[in-house]
2 protein chains.
Amino acid sequence: MARAATTSDVFNAIAEPQRREILVLLRAGERPVTELARELGTTQPGASKHLRVLREVGLVRDRKAGKLRLYGLDARGLRPVHEWTGEFERFWNESFDRLDAYVQDLKQTRHED
Amino acid sequence: MARAATTSDVFNAIAEPQRREILVLLRAGERPVTELARELGTTQPGASKHLRVLREVGLVRDRKAGKLRLYGLDARGLRPVHEWTGEFERFWNESFDRLDAYVQDLKQTRHED
DNA sequence: CCCTCCTATGCTCATATCGGCATGCGTCAA
DNA sequence: TTGACGCATGCCGATATGAGCATAGGAGGG
């Protein structure tokens, strides 16, 4: 088995730096593929592929505008990520030195086997 | 080139479901590898490898406790992710139908070439 | 209709990844 | 010392990935 498919998983989709950059760029508004490619400093096919991944996980939408195909941000999919990391917020400043009760229980349980 | 190394990048580290699960489990407290492996329903080497990745990006710390090696959460590394996604918060409920000024400018610029 | 531009795909290559298995090393107990 | 246990690592295999390149398809202009 190899890595899980990048598609159909927002966490994986935003694991790619260029894809994150695309999302950031799109905050400033819709853009055609060629524009994005130029701003990313990559090729058009390269940009298209990343956009495809982002589209499949629902982070961007596209609409045709004449000859152009405009990609726009749909940030709703980022919300679960924000919330997931938010669950750890209270651990950010916590003391790391506290001894954990779980471990104590574990040891005790083992001795009872 | 293939995908960027998963190590040294928190976004990549948490792109793996099992690694996310490990972090969640560790919220309840430190645990030895074997325990984690059991709770994840995977093998000990499997757990060790994921823990290694998490350790390399600084999301977990380990300390020896006799025969055991206890892994603990260090959630500070998740903060950047939380903040990055937070930058999109105002787009979550935004109307997607607004026509973007950038595109207008773009078209105009092209006509001027 | 023909040409041009924009974009999506297909293909290949080099590589990173995850899982399974075996194994090596260190620690503790008897 | 010997044995049992906990854990990290190495190796292999199957596969997904990202980049580069060529190209097909679609739309608009002349």
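Throughout, protein chains are lettered first and strands after them, A, B, ... in sequence-line order, and every chain is numbered starting at 1. For clarity, every value in this text was computed on a predicted model and none was experimentally measured.
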- prompt: Are the charged groups of A/E16 and A/R20 less than 4.0 angstrom apart, N to O?
  reply: no
message: With no hydrogens and no angle check, just 3.5 Å: does a side-chain donor-acceptor pair link B/R55 and B/Y71?
response: yes
Shortest side-chain distance from A/L68, nucleotide among C/dC6, C/dG20, D/dA8: C/dC6
task: Report the residue (A/T42 or A/K64) whose heavy-atom-nearest nucleotide on DNA chain D is the more 5′ of the two.
output: A/T42
- line: Taken to the nearest whole Å, CG/A/N12 to P/D/dT15 is 18 Å
message: Strictly below 4.0 Å: does A/Y71 bring a side-chain N or O up to OP1 or OP2 of C/dC6?
response: no
- line: Rounded to whole Å, CD1 of B/I22 lies from P of D/dC7 at a distance of 13 Å
query: Counting just side-chain N and O atoms, does A/R69 come under 4.0 Å of either OP1 or OP2 of C/dA8?
result: yes
- prompt: To the side chain of B/K49, which of C/dT27, D/dC11, C/dA8 is closest?
  reply: D/dC11
query: What is the distance from CD of B/Q18 to P of C/dC18, rounded to the nearest Å?
result: 10 Å
- prompt: Between C/dA8 atom P and A/L70 atom CG, what is the distance in whole Å?
  reply: 11 Å
field: A/H82 and B/W84 aromatic centres sub-6.0 Å
entry: no
message: Starting the side chain at C-beta, find the nucleotide from D/dG18, C/dA8, C/dG19 nearest to A/R19.
response: D/dG18
message: So if I take every side-chain heavy atom of A/R55 and compare against D/dA8, C/dT4, C/dA8, which nucleotide ends up nearest?
response: C/dA8
message: Looking at B/R63 and B/E30, is any side-chain nitrogen of the basic one under 4.0 Å from a carboxylate oxygen of the acidic one?
response: yes
task: Give a yes/no answer on whether the side chain of A/Q44 brings an N or O atom under 4.0 Å of OP1 or OP2 in D/dC21.
output: no
task: Can you tell me the distance, in whole Å, between the CG atom of A/L51 and the P atom of C/dT9?
output: 11 Å
message: Distance check needed: D/dC7 P versus B/L54 CG, whole Å only.
response: 16 Å
message: Tell me the interatomic distance from A/E21, atom CD, to D/dG18, atom C1', rounded to whole angstroms.
response: 15 Å
message: What is the distance, to the nearest angstrom, from the CD1 atom on B/I14 to the P atom on C/dC18?
response: 14 Å
query: Can a side chain N or O of A/H50 be found less than 4.0 Å away from OP1 or OP2 on D/dA19?
result: yes
task: Could you work out which one of D/dC11, D/dG18, D/dA8 sits closest to the side chain of A/E16?
output: D/dG18
- prompt: Which nucleotide sits closest to the side chain of B/K67: C/dC28, D/dC7, C/dT7?
  reply: C/dC28
query: Centre of A/F88's six-membered ring, under 6.0 Å away, within 45 degrees of the axis: is that where NZ or CZ of B/R27 sits?
result: yes
